[in-house]
Amino acid sequence: MSGKMKQRFAYAFGAFGHDAYYVTLSTYFMIFVTSTLFAGANKVDEAKYIGIVTSLVVGIRLVEIIFDPIIGSIIDSTKTKYGKFKPWLVIGGTVSAIALVVIYTNFFGLAVNKPSLYLGLFAIIFIILDAFYSFKDIAFWSMIPALSNDTAERGTLATFARFGSSLGANGTTALVVPMLAFFTALTGGKGEESAAGWFWFAVVIAVLSAGSALITAKFSKENDTILRTKGQSEKYNIIDIFKAIFMNDQLMWLAISYMFYAIANVATTGVLMFYFKFVIGSSSEFAIVGIVSMITGIIAVPLFPILVKKITRRYVFISGITLMLLGYVMFMTAGINLTLVIIGLILFYFPQQLIFLSVLMTITDSVEYGQWKNGVRKEAVTLSLRPLLDKLAGAFSNAIVGFVAIAAGMTGSATAQDITSAGIHTYKMYAFVIPAVLMLISMIIFVWKIKLTEKRHAEIVKELEIRYQDEAQAE
């Protein structure tokens with residue numbers, strides 16, 4: 001196997017573990033909190049502690065988000081014999097994996113017996129987790145422009161990566177219920193889930209995440225070109241960091257568009273398990289979500305390069321949002337009809353990989369756009385915007401899961417029979433209606449403001465190469 005193919009597969013495996021971790025943190029952690037963490041406490045205290053943990057998670061992630069561009073600048077300024085990305089990929093992957101395992105426990109019973117102490121310790125551990133996860137997340141996705149300047153090769157790398165991440169996230173969704181049941185039974189528990197089941201589930205994901213980061217670091221190689229060597233700035237200050245973002249108009253508009261999409265997406269995916277558990281009345285059927293999302297991802301990702309050649313990234317994005325809106329219509333009208341729900345899942349999940357790749361490649365190309373416009377190349381700072389927005393969306397997802405669980409009565413030992421029609425209405429409003437509106441806004445902004453096409457990027461790269469060659473000759 002050639003070095004280029006090894007790099008592609010290693011990057012795909014890294015994405016596999018990375019997204020398995022992301023969905024475990026952003027979706028299933030709050031389900032663990034609402035269903036298991038405070039088991040044994042009375043209902044009033046349980047609701048209160050769930051609300052506090054939810055607030056802590058959202059607050060910590062929102063505060064740390066403002067530091068992501070600074071983290072990007074630290075990565076951009078890193079100089080080692082291994083490059084600037086690999087050290088942070090390995091360190092961030094290892095520390096965040098350990099922290100994930102820790103938060104999937106009740107801290108030896110402190111959550112119920114000494115909740116105030118638990119909440120203080122939890123806040124510290126979660127801050128550590130979020131910080132090191134940010135280093136890993138930004139380092140991983142920022143590698144794409146460093147591995148190649150060619151749009152086609154970047155597209156190939158991104159396609160491999162997204163194929164891996166689709167398998168990781170959707171595979172986790174498909175396997176979370178049977179894994180919980182398996183580990184629960186293995187540790188002597190009863191029913192479909194237990195604290196021990198959630199703990200060992202987190203251990204598996206943590207090992208996968210850290211191990212895949214090591215593999216990516218071992219087989220990836222930065223590509224030193226004239227654009228990278230001439231465009232790098234030796235020093236960064238806070239003003240320079242944020243100028244690199246706010247003076248890049250294409251990056252900013254794309255970030256705003258993607259923010260609406262990402263929040264809508266995780267708002268729905270974060271509470272889909274509740275649909276099966278409390279509306280349909282069968283948690284075991286939730287595995288269908290993982291199966292549908294995995295199969296649609298396997299089909300959609302390889303189609304991306306083909307569709308881009310035929311209709312460009314712009315229309316891939318627009319078509320994807322349109323299909324997801326149709327999926328929301330199906331969810332709103334399906335009720336307990338599993339066939340209609342599956343159709344809705346197909347419409348909802350099939351475009352997701354195509355939308356992500358369209359956004360990722362446009363953000364990646366904005367590295368050269370920013371270099372062309374502002375004169376300085378900031379790879380990690382620029383690429384930090386996409387993980388930043390995903391973390392913002394993840395924070396909202398955590399908040400929505402906790403809020404919907406409490407508002408709709410979907411906490412603790414509640415069953416489908418306990419949920420009122422008002423509770424189901426509340427659930428659908430926050431899971432489907434509001435996210436659909438946000439996605440429509442995302443599409444309008446993208447169509448209105450994004451002008452950085454594949455053709456324009458190729459022109460910018462040529463202009464930059466000529467500029468630096470002329471400067472070299474003048475020297």
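Small disclaimer: the values here were computed from a predicted structure and weren't measured. Keep in mind that the numbers below use all heavy atoms, side chains included, and drop hydrogens, waters and symmetry copies.
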- Note on the structure: Nearest heavy-atom contact between P145 and V367 is CG-CG2, 4.2 Å
- Query: Under the side chain to side chain contact (heavy atoms under 4.5 Å, CB included) criterion, do L208 and F16 qualify, and how do the steps go?
  - Reply: CA-CA 9 Å; L208 178 62; F16 178 86; 3.4 Å; yes
- Query: Is a side-chain donor or acceptor of T105 paired with a backbone partner of V101 at a separation under 3.5 angstrom?
  - Reply: no
- Note on the structure: d(L360 CG, D365 CG) to nearest 0.5 Å is 9.5 Å
- Message: Within this structure, what is the CG-CD distance for the pair L157 and Q7, rounded to the nearest 0.5 Å?
- Response: 6.0 Å
- Task: Taking all heavy atoms of Y49 and all of P115, pick out the closest pair and write down the distance.
- Result: OH-CG, 3.2 Å
Which side-chain N or O atoms in residues 159-166 pair as donor and acceptor under 3.5 Å with protein atoms at least two apart or in another chain?
residue: T159; atom: OG1; partner: G155; partner atom: O; Å: 2.6
residue: R162; atom: NE; partner: Q353; partner atom: OE1; Å: 2.6
residue: R162; atom: NH1; partner: D19; partner atom: OD2; Å: 3.3
residue: R162; atom: NH1; partner: S165; partner atom: OG; Å: 3.1
residue: S165; atom: OG; partner: A161; partner atom: O; Å: 3.3
residue: S165; atom: OG; partner: R162; partner atom: O; Å: 3.0
residue: S166; atom: OG; partner: N170; partner atom: ND2; Å: 3.0

- Message: Counting C-beta onward and ignoring hydrogens, is there a side-chain heavy-atom pair between F32 and I103 closer than 4.5 Å?
- Response: no
- Message: Main chain of S220, side chain of K86: is a donor-acceptor contact present, judged purely on distance under 3.5 Å?
- Response: yes
- When rounded to the nearest 0.5 angstrom, what is the spacing between CE in M439 and CG in N265? 4.5 Å
List the atom pairs, donor and acceptor, that lie under 3.5 Å between side-chain atoms in residues 120-140 and the rest of the protein, sequence neighbours left out.
residue: D130; atom: OD1; partner: R61; partner atom: NE; Å: 3.4
residue: S134; atom: OG; partner: D68; partner atom: OD1; Å: 3.4
residue: S134; atom: OG; partner: D130; partner atom: O; Å: 2.8
residue: S134; atom: OG; partner: K391; partner atom: NZ; Å: 2.2
residue: K136; atom: NZ; partner: H18; partner atom: ND1; Å: 3.3
residue: K136; atom: NZ; partner: S209; partner atom: OG; Å: 2.8
residue: D137; atom: OD1; partner: H18; partner atom: NE2; Å: 2.5

- Message: How close do G93 and A210 get, counting heavy atoms only, and between which atoms?
- Response: O-CB, 3.9 Å
- Item | Note, I31 side chain near W198 side chain (heavy atom, < 4.5 Å) | yes
- Task: Examine the side chains of Y369 and T382 and answer whether a donor and an acceptor come within less than 3.5 Å of each other.
- Result: no
- Task: For the pair N248 (side chain) and S366 (backbone), establish whether a donor and an acceptor sit closer than 3.5 Å, ignoring hydrogens and angles.
- Result: yes
- Query: Which residues pass the salt bridge (Lys or Arg N to Asp or Glu O under 4.0 Å) test with E285, sequence neighbours left out?
  - Reply: none
- Can you list the steps and then say if Y427 with V271 is a side chain to side chain contact (heavy atoms under 4.5 Å, CB included)? CA-CA 8 Å; Y427 169 81; V271 294; 3.7 Å; yes
- Task: Could you tell me whether the side chain of F13 reaches within less than 4.5 Å of the side chain of T216, counting heavy atoms only?
- Result: no
- Working to the nearest 0.5 Å, report the span between OG1 of T172 and CZ of F201. 6.0 Å
- Mind checking whether V289 and M273 have side chains closer than 4.5 Å, heavy atoms only? no
- Task: Without swapping roles, check the side chain of T187 against the backbone of T184 for a donor-acceptor pair under 3.5 Å.
- Result: yes
- Do I295 and Y349 touch side chain to side chain, with heavy atoms closer than 4.5 Å? no
- Message: For a side chain to side chain contact (heavy atoms under 4.5 Å, CB included) check, start with the C-alpha distance between L37 and Y118, then their side-chain angles and the critical distance, and finish with the verdict.
- Response: CA-CA 11 Å; L37 179 59; Y118 165 81; 3.1 Å; yes
- Considering all heavy atoms of both residues, which atom of V301 and which atom of P305 are nearest to each other, and what is their separation? O-CD, 3.7 Å
- Message: Less than 4.5 Å apart, side chain to side chain, heavy atoms only: is that true for F446 and I321?
- Response: no
- Item | Worked check of side chain to side chain contact (heavy atoms under 4.5 Å, CB included) between M143 and L89 | CA-CA 10 Å; M143 292 178 75; L89 187 61; 4.3 Å; yes
- Any side-chain donor paired with an acceptor under 3.5 Å for W88 and T78? yes
- Message: If I take atom CD1 from residue I144 and atom OG1 from residue T364, how far apart are they, to the nearest 0.5 angstrom?
- Response: 4.5 Å
- Message: Tell me the closest heavy-atom pair linking I299 and P302, and the distance in Å.
- Response: O-CD, 3.4 Å
- Applying side chain to side chain contact (heavy atoms under 4.5 Å, CB included) to K218 and not counting sequence neighbours gives none
- Message: For a quick test of reading the model, state the closest non-hydrogen atom pair linking G290 to S293 and the distance between them.
- Response: O-OG, 3.0 Å
- Query: Name the one of W200, F29, F199 that satisfies ring pair (Phe, Tyr, Trp, His ring centres under 6.0 Å) with Y104?
  - Reply: F29
- Hey, is the main chain of H457 close enough, under 3.5 Å, to the side chain of E368 for a donor-acceptor pair? no
- Say you draw a straight line from NZ of K4 to NZ of K221; how long is it, rounded to the nearest 0.5 Å? 12.0 Å
- Message: Taking ring-ring contact (aromatic ring centres under 6.0 Å, His included) as the definition, give me every residue that meets it alongside Y28, ordered by chain and number, with sequence neighbours left out.
- Response: none
- Task: Only one of L438, I355, V266, I441 passes side chain to side chain contact (heavy atoms under 4.5 Å, CB included) with Y261; say which it is.
- Result: I355
- Item | OH (Y82) with more than 12 external heavy atoms under 6.0 Å | no
- Side-chain contact, heavy-atom cut-off 4.5 Å: F183 with E193? no
Less than 3.5 Å apart, which donor and acceptor atoms pair up between the side chains of residues 252-259 and the rest of the protein, not counting sequence neighbours?
residue: S257; atom: OG; partner: S442; partner atom: O; Å: 2.9
residue: S257; atom: OG; partner: S442; partner atom: OG; Å: 3.2
residue: Y258; atom: OH; partner: D390; partner atom: OD1; Å: 2.7
residue: Y258; atom: OH; partner: D390; partner atom: OD2; Å: 3.3

- Query: Where the side chain of S26 meets the backbone of V23, is there a donor-acceptor pair that is under 3.5 Å apart?
  - Reply: no
- Task: State, with a plain yes or no, whether a side-chain heavy atom of D45 is found less than 4.5 Å away from one of K48.
- Result: yes
